[in-house]
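Below, all heavy atoms of this structure are taken into account, side chains as well, without hydrogens, waters or symmetry copies. Source: prediction; values computed, not measured. Proteins come first, then strands; the chains are lettered A, B, ... in the order of their sequence lines, and each starts at number 1.
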Amino acid sequence: MIDLKLLQKNFDEVSAKLVRKGVDAKLLKKLKLKNEELKLAKIDFETLQAAQNTMSKEFGIYKREGKDVSELKERVDENKLRIVDALEIQRVRQEELEIIAMAIPNIPDDDVPDGADENDNVEIKKVLTPKEFSFTPKEHWELAEQNGWIDFERGVKLATSRFSVSFGMGAKLERALINFMLNFNSKRGFEEVSVPALVNRAALEGTGQLPKFEDDLYKIDGQELFLIPTAEVPVTNLYQDEILSAEELPKKMTAYTSCFRKEAGAAGRDTRGMIRQHQFHKVELVALSKPEESDKIFEEMVTCASDLLTALELPHRLMTLCTGDLGFGAAKTIDLEVWLPGQATYREISSVSNTRDFQARRAKIRYKDGKQNTLVHTLNGSSLAVGRTMVAIMENFQNEDGSIDIPKALQPYLGM
RNA sequence: GGACAGUUGGGAGAGUGGCCGAAUCUACUACCUUGGAAAGGUAGCGUAGGGCAACCUACCGAGGGUUCGAAUCCCUCACUGUCCA
């Protein structure tokens, strides 16, 4: 959630920044107005309540002293009616405010470029040069089927479309990648954690998936539990509603989980292959930091993911997302896009975001800064998406006969 | 699935209607004491919002109810533990 106090104090400035991200300025005006109204309603209620508390205390004293309370009771009863009204007004205003406030995205950083969509993202740099093929490189689904690594039909048979099954070397490679990535991240100082794949509503609200994006989540029937769309949700919320000590920060964690997404808005996109699946494996980086350290940690995370790709000999580029492509909770995001020779294009394989205090405010993650409690900054990033890494390996390491080489870094993990 | 017990401040734990935002112990912080430390002493020590000072409001698992007044009584739910199936 955005900082309402900040919005109130520096309305023009904050509003201008949010308009860059496509938020309706009128909605922000309304939010400001609602916030002011709520404040008045609160003052109103609290004044009445203070009077009620005082009279109730008197009441007790009168009783003890055996005095007549009938006149006092009359006043108290009358005040009570006003309290009921005042409370109701406050409740309604609070609710209205929350509905608007929870749907406002994070304020983008000043250095985030303007833009409408992914076409306006700005390239930072390219790492490794794509190799020239003496033949026409195939797309990964063809290679996957030819080598017997992935069976798309049987995935559909077991579940529905956008599910797949890995066999033999395909399954082994998947497992090798997960281990390789976790070890790599651990060496960079990210502590490994293993977390539930189901989370409750509070966790999803904490990281911002709810209330706005419920349609993208798989929900357990009859229970307030959801399958996680990313490990970011359980890992960030580990410290929900806690006050950490300054010495504990930064907290750097890495987790492997399956991720589950309905891909409700993606009908017709990437229908073939394993670029966009309902269930996929991902190794995630999450960090909680002091505000002044989050830029540094952000760099570390981007570097970690990029170095991981380099270690796997996969050409890629770094892109700064423009305002229009920036996610709901992110103040800044750098995407890593890997080269896919079969498609002759770069495709997203990792997305690293600094949400600053946006999630921390919702999830109530603070740290003790001397006497003061301060919201931490939360960051998250994939390092990496496993399925897409498999895709990249298949397409970049293919030979003319359709066989696939294994990157050197992975060979020890496969007993080679 | 059923029965009973429990859920209180960083931890332990008291509190069955007003004098309770909450005893006590412990941890922590500052100071005194010391050559230094320990022990001892003194003070401070939950969260959030409002005035931003005194102070006020809310919070004792969550939500609702009774009452002038609820941590305390009633209802619903969640979780934890023990026993039974």
Base-contact (B) and sugar-phosphate-only (S) positions in nucleotides 59-76 of chain B, heavy-atom cut-off under 4.0 Å, - elsewhere | ---------BS-------
Partners meeting salt bridge (charged side-chain N to carboxylate O under 4.0 Å, His left out) with D241(A) (sequence neighbours left out) | R366(A)
Identify every side-chain donor-acceptor pair in residues 109-116 of chain A under 3.5 Å, counting partners at least two apart or on other chains, and give the distances.
| unit_1 | atom_1 | unit_2 | atom_2 | d |
| --- | --- | --- | --- | --- |
| D109(A) | OD1 | R356(A) | NE | 2.9 |
| D109(A) | OD2 | R356(A) | NE | 3.3 |
| D109(A) | OD2 | R356(A) | NH2 | 2.7 |
| D110(A) | OD1 | K17(A) | NZ | 3.4 |
| D111(A) | OD2 | K332(A) | NZ | 2.9 |
| D114(A) | OD1 | R20(A) | NH1 | 3.2 |

Integer angstrom distance from the P of rA3(B) to that of rU76(B) | 12 Å
Interatomic distance, I243(A) CD1 vs rC45(B) C1' [rounded to whole Å] | 13 Å
Output yes when at least one side-chain N/O atom of K5(A) is less than 4.0 Å from OP1 or OP2 of rG50(B), else no.
-> yes
Under a 3.5 Å limit for both distances, which nucleotide forms a Watson-Crick or G-U wobble pair with rC45(B), could you say?
-> none
Any luck finding a side-chain donor-acceptor pair between T333(A) and S351(A) under 3.5 Å?
-> no
Send over the distance from N79(A) CG to rU57(B) P, rounded to a whole Å.
-> 12 Å
Gap in Å between the two P atoms, one belonging to rA54(B) and one to rG15(B), rounded | 34 Å
For the residue pair F328(A) and F358(A), does the interplanar ring angle fall in the parallel (under 30°), tilted (30 to 60°) or perpendicular (over 60°) class?
-> perpendicular
Give the rounded distance in Å between these two atoms: NZ of K39(A) and P of rA58(B).
-> 19 Å
Length of the CG-C1' vector between L72(A) and rG18(B), whole Å = 13 Å
Which value, in whole Å, describes the distance between the C1' atoms of nucleotides rA71(B) and rG21(B)?
-> 10 Å
Mind calculating the distance between CD (E46(A)) and C1' (rG49(B)) to the nearest angstrom?
-> 7 Å
When the ring centroid of Y256(A) is compared with that of H281(A), is the distance short of 6.0 Å?
-> yes
CD1 of I83(A) versus C1' of rC56(B): gap in Å, rounded?
-> 14 Å
Considering only atom P, compute the distance from rA27(B) to rU67(B) and round it to an integer number of Å.
-> 47 Å
Hey, does the side chain of R366(A) come within less than 4.0 Å of rA48(B)'s phosphate (OP1/OP2), counting only N and O?
-> yes
Considering only atom C1', compute the distance from rU16(B) to rU72(B) and round it to an integer number of Å.
-> 5 Å
Write down the distance between CG (N373(A)) and C1' (rG46(B)), rounded to a whole number of angstrom.
-> 10 Å
Base-pairing assignment for rG17(B) (Watson-Crick or G-U wobble, both under 3.5 Å) | none
Mind checking the OG1-NZ spacing from T47(A) to K42(A)? Nearest 0.5 Å is all I need.
-> 13.5 Å
On a whole-Å scale, what distance lies between the P atoms belonging to rC60(B) and rG10(B)?
-> 14 Å
Rounded to the nearest 0.5 Å, what's the gap from CD1 on I349(A) to CG on L384(A)? Could you check?
-> 5.0 Å
For rC4(B), the Watson-Crick or wobble partner whose two distances fall under 3.5 Å | rG81(B)
Expressed in angstrom and rounded to an integer, what is the separation of Q90(A) atom CD from rC56(B) atom P?
-> 19 Å
What does rU33(B) pair with, Watson-Crick or G-U, if both distances are under 3.5 Å?
-> none
More than 12 foreign heavy atoms under 6.0 Å from NZ of K262(A): is that the case here?
-> yes
Kindly compute the distance separating OH (Y367(A)) from CG (L288(A)), expressed to the nearest 0.5 Å.
-> 12.0 Å
For rG63(B), which nucleotide is its Watson-Crick or G-U wobble mate, given both distances must be under 3.5 Å?
-> rC75(B)
Residue matched to rG51(B) through Watson-Crick or wobble contacts both under 3.5 angstrom | none
Between I43(A) and A51(A), just flag the one whose closest nucleotide in RNA chain B comes earlier from the 5' side.
-> I43(A)
Please measure how far the C1' atom in rG50(B) lies from the corresponding atom in rG11(B), and state the result in whole Å.
-> 32 Å
If we take the P atom in both rA70(B) and rC83(B), what is their distance in whole Å?
-> 39 Å
